Each structure stands twice: as structure tokens, then as C-alpha cells.
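The block underneath contains the structure these notes are about, expressed in C-alpha cells.
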Amino acid sequence: MKRNVDIKSMKYEDFNDNEYIEQMLKELRENGTNVIVGCLDDVIEWGRSNSLWPLTFATSCCGIEFMAIGAARYDFARFGFEVARASPRQADFIMVAGTITNKMAPVLKRLYDQMADPKYVVATGGCAISGGPFQKSYHVVNGVDKIIPVDVYIPGCPPRPEAMLYGLMQLQRKVKAQRFFGGVNKSISEKEYEKLMREDTNKAEDNRDYDESGLA
Amino acid sequence: MENNTAIKDRITAIEPAAVWSEAGDGLFKVPAASFRHLAEQLRHAEGFDFLRSLTGVDEGEEGLGCIYHLENTGTGENVAVSALDTDRENASLPSVHDLWKGAGFNEREAYDFFGIKFIGHPDLRRLYLRDDWKGFPLRKDYDMSLNPLNMENEEANDDSPSYVMTKDGGYILKRHPLFEDQEYVINIGPQHPATHGVLRFRVSLEGEIIKKLDVHCGYIHRGIEKLCESMTYPQTLGFTDRLDYLGAMQNRHALCMCIEKAMGLEVSDRIRYIRTIMDELQRIDSHLLFIACLSQDMGALEVFFLGFRDREKVLDILEQTTGGRLIQAYNRIGGVQADIHPDFVKKVKEFIKYMRPKLQEYHEIFTGNVIVQQRLEGTGVLSREDAISFGATGGTGRASGWACDVRKRHPYGVYDKVDFKEIVLDNGDCFDRYMVRVKEIEESLNIVEQLIDNIPEGEYLMKTKPIIKLPEGSWYSAVEGSRGEFGVYLESRGDKSPYRLKFRSTGLPLVSCIDTISRNAKIADLIAIGGTLDYVVPDIDR
Amino acid sequence: MFDFGIWTSWIHSQLTALMPEGLAIFLECVAIGICLLLMYVVIAIIMIYMERKVCAAFQCRLGPTRVGPWGSIQVICDVFKMLTKEIITVRHSDKFLYNLAPYLVILASVMAFACIPVSRGLEILDFNVGVLFFMAASSIGVVGILLAGWSSNNKFSLIGAMRSGAQMISYELSIGLSILTIIVLTDTMQFSEIVMRQADGWFIFKGHIPAVIAFIIYLIAGNAEVNRGPFDLPEAESELTAGYHTEYSGMHFGLFYVAEFVNLFIVSSIAATIFLGGWMPLHIPGLDGFNAVMDYIPGFVWFFAKALFVVWLLMWIKWTFPRLRIDQILTLEWKYLVPIGLVNLLLMVVVVVFKLHF
């Protein structure tokens, strides 16, 4: 079965700056998939891509623009990004809106770890992408991709709401090019993942008074 | 500063060791040993009850110390005092947290950045950086490589250190527990929808009632002040927009004013008019966002959207002239970036006409709602004395009955030419803090209305040298930001970049008074208190 | 009025002709169970979609527009997403209770849902103490919420659960009192019978003043019972991140989410049944022609129209009012609603005894 990606309201040609997804799609098309698995995948990814719920997370300026895309003029509810969840367990993607400082970095990592799979990261604004104007500071992380894997970068300082919407639609497109069955998108295999988890558990067992009740 | 002649004599009378230094605005230099005596006299005998700003400085050979900007709220007198300790290894100063409550957090900041030990401070933890941070970043000899990115989770410290003076002149370190073992401590933030960013509270609860609250800042501490020291003056402007992004215009205005004052540059009337109008539009924008966020925190989502709807109209106007929505980069040293757009006057007038009836809508939906009144009235009361002592300026101070508007106290721009009321209410509770801001939107509309037709012709950008160098000295200038007094302390050594640039945060005093006003309130009240104090976290952390 | 009972008894007679009665009843139970769950899901989807669109309308927005016409299948996307999302189990949590809690909530919700008389002959659970059963079934939900908060090992969850416990148990009293007021008027606790007695006028008209007061109390208490704004303290976003379901992810959270919306529908449809005549068309005594025309509209249309109207009313309240504080909620209940409810009950007794109702 051949796969293609289509986002309503945005022409295919408009996504012309993303060879990475093109590559992934090409791979998918070449190898093809089982009809049943492919259809199920289609349905699941259609669901996922149209129902990406953000985590309400903002550190600085970009956060205000993030609020603005939720508000009346830009209204990201149109695309199904509507239900901003305050609990990371229930969110699908984290929009890193604003500078991440050294003190915040472990917290962000922890938030990301607390999210349930599948989870995505959108780095919004210069600060989250590279440290932006604060790159030379003693207390700023130069890009969140040093801490967590980033799916979409939205440049700007802060990006305009339109840019954010475009970025989120890119994320939708990326989600659509995934495969639920087969685990193409997992960078590590199940076994490796389990091994990592076991190490993590052992580590946590070592210091038992570690409080994991509170969020972040 | 103003009225310096009279105060000079009085200070020399109190403390003969104080030396007047003329450069820039001028300040008194006091040896660390005699500073406490002078401070007590200034506070109690002379009535300097408002600590405007406390700036830690690293003066190299001369040692480490602090500069205190004080104001007498009764007479309006201002004085700046600097106290330096020459011992760099073990720099210490007497704490003044008991004289001015606002000094508590500021001294923690100075300790954090410069390693100055404040003797007698009850809670001398680091304010912004992690407890395991090595070195003191704003010292001139700080080594960046000391602190690589540490991904270990931070352990919350449950006791607070304090240095106590002993009889023989030394001091010893004591530790007090912050929270007892039995206390039910919950952690609000850094990622929490109601903290307006990444502030963190640790709250000790009894049922739903708050017993004690401990504020943790620094999750968005970006080291702006240190960065500024290695940049030229025009480059430093860029950071001001990103401090308090809802007061971008005003912040930049303050820094430009300070640099212009140091250069001795007088800007044309047109520039003053444009800057004033822009400041007021920004204030409307910020206050609309305040209403929106407060209502969201309280669960009334409809008003959130109304606030954003109207805010977009302001942003449209600003965007047309400046090109930016949130971060405008409009003010420049000696003027503004570009002349106003031809449609600007028309658009602003339309907006004023549009906005006035809309305010009524807010009153109908939100202010008049019985639940809103029940929840806001009488909660989080900040007394006038506390407001002054903490230095909680802006809408918060004015709701407590303190007429603290910089636009009236130290007029800048063209505020001396316009006729506007300073909104002052008396109760100091959440409802008054809300009402002050709603009424200020009206006042801002009045100010803009008075100015918009009279923008004089003239230059919009004064000619300056391509490389700006300031003479030696120190300057302080302040504007009324969207949420309080935003001050800039600039110290120059004659270079093309500042020796020390400190921004008086509008939010830090607001956050420092949360513990006081939220005790015995409920968790839901804490949300309302936080919402009405209207702090912006990047502005607190800088 | 069309009676669905004809169909059901026909099916029953066909089945008993083919097989022994025990097996027939078993098969019927299975079929009805499946229908019930299907209907439950459909109602949930409709409610969530309605919530989104209604709140968007109140907030000068559009709401979902991209998936399907007017975004109408947006919720189905959410369902697919939820179903394939990871379910996280928190270490140091009480695993058994943690996994049990969402099912308890959904169980209570389904049991209460089964009581609703949708149309004549379309009652699933209908017996002489139906109201009592409904009250009992719906109050199991609070156990689930308490368990969720307790077992999550999260302080926010615990506070949310405690709030929820205090709130729901208190407001159950008011719900009981206001329903009791109407029961005094009807002298029956069977839902189908309650509807039948409204043939000559809905109870909100027949019981006039006490019925209207009871209706208002029921709306307030019902809103509090389903934890929706302005009574959404247990999951107050700005205070407790997500309240009792903070630690739940994937479909476990989905169950809470669905139960919340269906509970809203249940509360509304009970309000519609008891006060607004359920599936009974609008009848005005004396106007036979008008009554006959009204009878042409099928019962379930009447029922859904009334229930959705009440839902819309509650949504309107939710999106307009700010959240109350916990002490205000308890004050409202114990100092105002309960005394008013008791006095109102007395008033209704007086009305009934002296035959002052229509």
C-alpha cells in the first residue's frame, strides 16, 4: 500500500522545505505496507495528527504568543490543538516556548519524561532553538535539542502566531508520516528501551527518598 | 538627583565618614562598618521608607558592595548610598532587611551574584541559581567553565542559612529549618498554569489553608545583566524588551532615557510624544492581558478571550509602526527606530472609540459577577506600610493607598504636560488591585487622547555618534512600567559598554510580599493573589 | 405517541419462540448492554463536540473546523489518539486501586445512564424505586474519584479528591431534596411513571413555585455533582493542574474525561425527565388540536431537545462564571441550598395537601 500525506487547508506544495519527511515518506512508499496494517496505521495517524493536545508550558515571551494562538483571532482549536492540558501525562506535545535556563533544564527533561508516548517537542523561538540572544550567557541552555529530541523548530523572536500555526501543521504532517505498527520512528528498539528503563529503575531504587509525587 | 544639597549636609552630620561622589547622579560612599548606623538613621530619623533599588556591584580593587537608592515617600527626597567591603574573599555587609522588607530578596540576589554575605539576614539562600552553583557569576573574575549544564534534579533545601555576628566581630553560620517534617508541603510550579511562567512556590498547607510559602525564582534567570557588560550600549537595548515582554516599550524607554541622561542628550518633543503614547498603548496592552490572565486563573474563560480580542487591536496599531507584535525594538538611543505610520493617528483614535464601551463589557461580565467579588474582596490584603517597605510599586502599591506612580513622582516624557488622575485605592485587597488596573486603562486612553492630536513636528531620531561612549559615573532613571517602577542603574567607566547595568525588577518586590499576604489564605486565594499581583517571571529573574 | 414497547415485546416473543426463556433473556441482556454502551459512547462524542462548539461560540472563536464538516468528527480523532496513547503506571502508587478507579467512575456513570427513559418503551432500568437506584448508582462515582486521588501518590490529586469528596457528598443532599420535592408531587419513584404523569403538563408548570425552586436548586447541585464550572474545584486547572486525574494518561484519563461529559448529560436528562416532562410532548390542557400536533413529534426528539437545552444552559454557566472557592462551595450548600431545599419540600407538601397544584 502506498502512503501519502495530506493536511486539509494546506496545499502539498506549501510544505516544500522539509526533505526529512519527504525521505521518510519515500521510504514508506517504496517498501509499502500490509493493507490491513496500513489502513489501521492510516486511521490511527489521522486521529493522532488531528488531535494533538499541547502541554501548557511557557517560560517567557513566546508563551504569550502561544496564548495568543489559543485566543480568538488565531484559534488553534480549529486544527484540534484545542485541549491544552496542564498535566504532562495527558499532553501529546510540549511546546518549548521560551528560554530554557540551566536551572530549568532538569525540570524540562523531567516534564518530557513524564509525558506519555507518543510525545512530540516543538522548539519555539530563538531561545529554545539555540539560546537566541542569550547564547553567551552563563545560565542559558543553547538549544533544547541538547536535552530532549525536537520534532519541529519554529524560528522567530518570538515567532508570529501564523508561524506557530505553520509549525504545528508541520508537526501534524510529521505525525502523519509515522507508523504505529512497526516502530519505524522509535530511534531505539524495544529491548534497548527496556534496558534503559531497568537502569533507571535501579537508579531510583538506590535513593529511595526521591520524591516523585509532585509534578516537576 | 534632585534636592541633593540639603540632604548632603544632613547625611554628613549623621555619618562623617560618608563621602559625596559627584560623577553622574552622584552618591554617598560609606564604609561598610558605618553603613548600618547610617541606614538606621536614614530609615527612622530621616524617613527614607522606600528602598527603590538595591544593586550589588563589583568595584574590582575597591571591593564588593551594594548601592542603595532610597526615597522618602513623604517629601519625595532621593538619595543614593554605596557601601563597599574591600575584602573580596569574605565580603560582608550588615543586612537591612529589618529596615526595608524589600531588601530581603534583593540581598539574596546580591549574595547570589556577588557572594556578599549579609550579616543578620535570616534566610541567605541563593535566590536565582541552584544551591550547588559554584562561584558568583556577576563578579568580574567569574569563570564561565565552572558550571557546566547539570542535568541532575535539584534537591530542595529544607533549611535556610544565616550569618550571625559574634561579639569579637566575626560571624558564624546558622541554619534554620524552613519546613518541619510533619508539614504537608506541596510544590506549585515551575510548570504550573497559575504561576504565569516558571515561578515556583513551596507551600505548606493545613487542609486548604496556607501556613507558609517559600518562593523559588531563577527558572528563567538568563543573566542579562552580565551579558550587558560585554555589549555596546545600543546592543544592550535588545535585552530590555525581553525582560518584561508586556512592558517592552517602557523598559526600553527607561534604558534609553538613562543613556541619554548620561550622554547629556536632549531629545526632541516629537520623540517624547511618540514615546509617551507608545508607553501608554503598551500599558493598555499589558493591563488587558492582566484581566485576561486573572480571569483564566479564576476559571472564567470567556473574559480571557475578550481580553485577547481587544489586545490584538492594540498590537495591530503597534505592529503597523514598529513591525513587532510583542517585542518591538522601537526606542533607540536618541529617538525611535522609525517615524510613526501615516495611519497611526487615525488608528489610535479609532481604537480609543472602540475601547471605551468594551471596558463596560468587562465590568458587566467580570467585575460585577458575584463570585468574582466574593473571591477577590478582602483576600490578600497588603497594607500601605508593607507596600512601601517591600517596594511593591505599580498597581499593587496604588491599590494599597500608596501614590507611587513614577509618572507623577519623577515626570518623564511628556507626562508633566498631560492631565491624568493617579488611581489610588485604599483596601489593598485583590479586588482593588484589579480595579486599579481596569481604571488605569481608562486613564491611559485619556492620556493618549490628549496627546494624539498634538504630536509636534520634528526629528524622530537625534543624531548620535556611531560609537557611543559614556563618561564615568553612575545614573539611575526610572519609568512607570506596566506593573510598577522599572528602574535602570547604569555605571560607566568611560567605555563603550557599561561597567554595571542593573534593572530594577518590577516583579521581585511583588513576589517577595506573597508570603506575607497569602498566609492563612486558601490555595484558591493564592491563585487570585498571584493573578492580581501581576508579575512577569522573566522580569523577576532577569 | 409511539411506544417502543411494541418492538421490544415483539423481539421478546420471537426469541422465546425459538429458545428457552432463560437464554432469550440472557441474549436480550447482552444486546441491550451492547446498545447501552454504544449509546453511551455516541452521547459522549456528541457532548464533547457540543462542548467545544458551544464554548467556542461563547469565546468568539470557531472551534474545530478541519476534520469533517464543521469539525464534526474531531472527537473521533481524539478517541483514536486516546486509544493508542501510552498508559503510564506511576511507581509507588497503589497499583490495584489506581487501575480500578477510572472503571469505578465509568461504571457509576453507565449505571446511572441506564436509568434514563429516552422514549416510551425505551427504558432500560425501570422499576418502582428507580429514582433511589439512580441516586445510589450515581454516587458510586465519588468513590472512584477518591480512589483515583488517593492511589496516584500525588499531592495535587489528593487535594483534588478531597475537594471532590466534600463537594459531591454535600451536593448529593440538595439533589435528593429537590428530586424528593417532585416525588411528593408525583407519589411515584418510577421514572416511566413520572413521565406519564406529566401528560397533562410538565411538573415545572404543575408544581409552579416549589417546582421552579426545586429545578433551580437541582441545576446548581447537579452542576456541582458533575464537577463542572463554576464547581470544577476537584480538577481546577489553575490550582491543581488536573486535580484527581493528574497522574492518569491515555485511555484511563479518557474514561474520566468521557464520564465527566456523560455525567453532564445524565444530570441534564434527569432534569429534563423530572421537571420538563422527559419524552412527553408539550401538552396544554384544553387545546386538543395543539396537543395532537405536538404528539406527532417523536418522544425521543422531545427528550433530546430538552436534555440538550439543559446541557446548553449548564455550559453557558460554566464558560461564564469563575470558579468558586472550597469554603464558598460548602457555605452555598449547607447554609443556603439545604435550608431552602427543606423549606421548599415543606412548601410542596402544603401545596399537595391543599391541592394547590394544577
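Keep in mind that the numbers below use all heavy atoms, side chains included, and drop hydrogens, waters and symmetry copies. Not measured: the values here are computed from a predicted model. Letters A, B, ... are given to chains in the order of the sequence lines, protein chains preceding strands, and every chain is numbered from 1.
Of the listed residues C/H252, C/H245, C/M82, the one with more heavy-atom pairs under 4.5 angstrom with chain A than any other is C/H245.
Separation of atoms CG (C/L83) and CZ (A/R48) is listed at 11.0 Å; rounding is to 0.5 Å.
Residues C/S249 and A/R89 approach most closely at CB-O, 3.0 Å, considering heavy atoms. The shortest non-hydrogen separation linking C/K85 to A/A116 is NZ-O, 2.9 Å.
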**Prompt:** Could you go step by step and tell me if C/Y257 and A/Q90 meet the side-chain contact (heavy atoms from CB on, under 4.5 Å) rule?
**Reply:** CA-CA 11 Å; C/Y257 193 70; A/Q90 297 147 14; over 6 Å; no
**Item:** A/W46/C/V67 under side-chain contact (heavy atoms from CB on, under 4.5 Å): CA gap, chis, key distance, verdict
**Value:** CA-CA 10 Å; A/W46 166 78; C/V67 200; 3.3 Å; yes
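No side-chain heavy atom of A/R78 sits less than 4.5 Å from a side-chain heavy atom of C/P64. Side-chain atoms of C/K81 and A/W53, non-hydrogen and from C-beta on, do get closer than 4.5 Å to each other. Taking 4.5 Å as the limit, every side-chain heavy atom of A/D75 sits out of range of all side-chain heavy atoms of C/Q59. Counting only heavy atoms from C-beta outward, the side chains of A/N50 and C/F80 never approach each other to under 4.5 Å.
The environment of C/W319 atom CH2 is dense: over 12 non-hydrogen atoms of other residues, nucleotides or ligands sit within 6.0 angstrom. No more than 12 heavy atoms of other residues, nucleotides or ligands lie within 6.0 Å of CH2 in C/W70, so this atom counts as exposed by the packing criterion.
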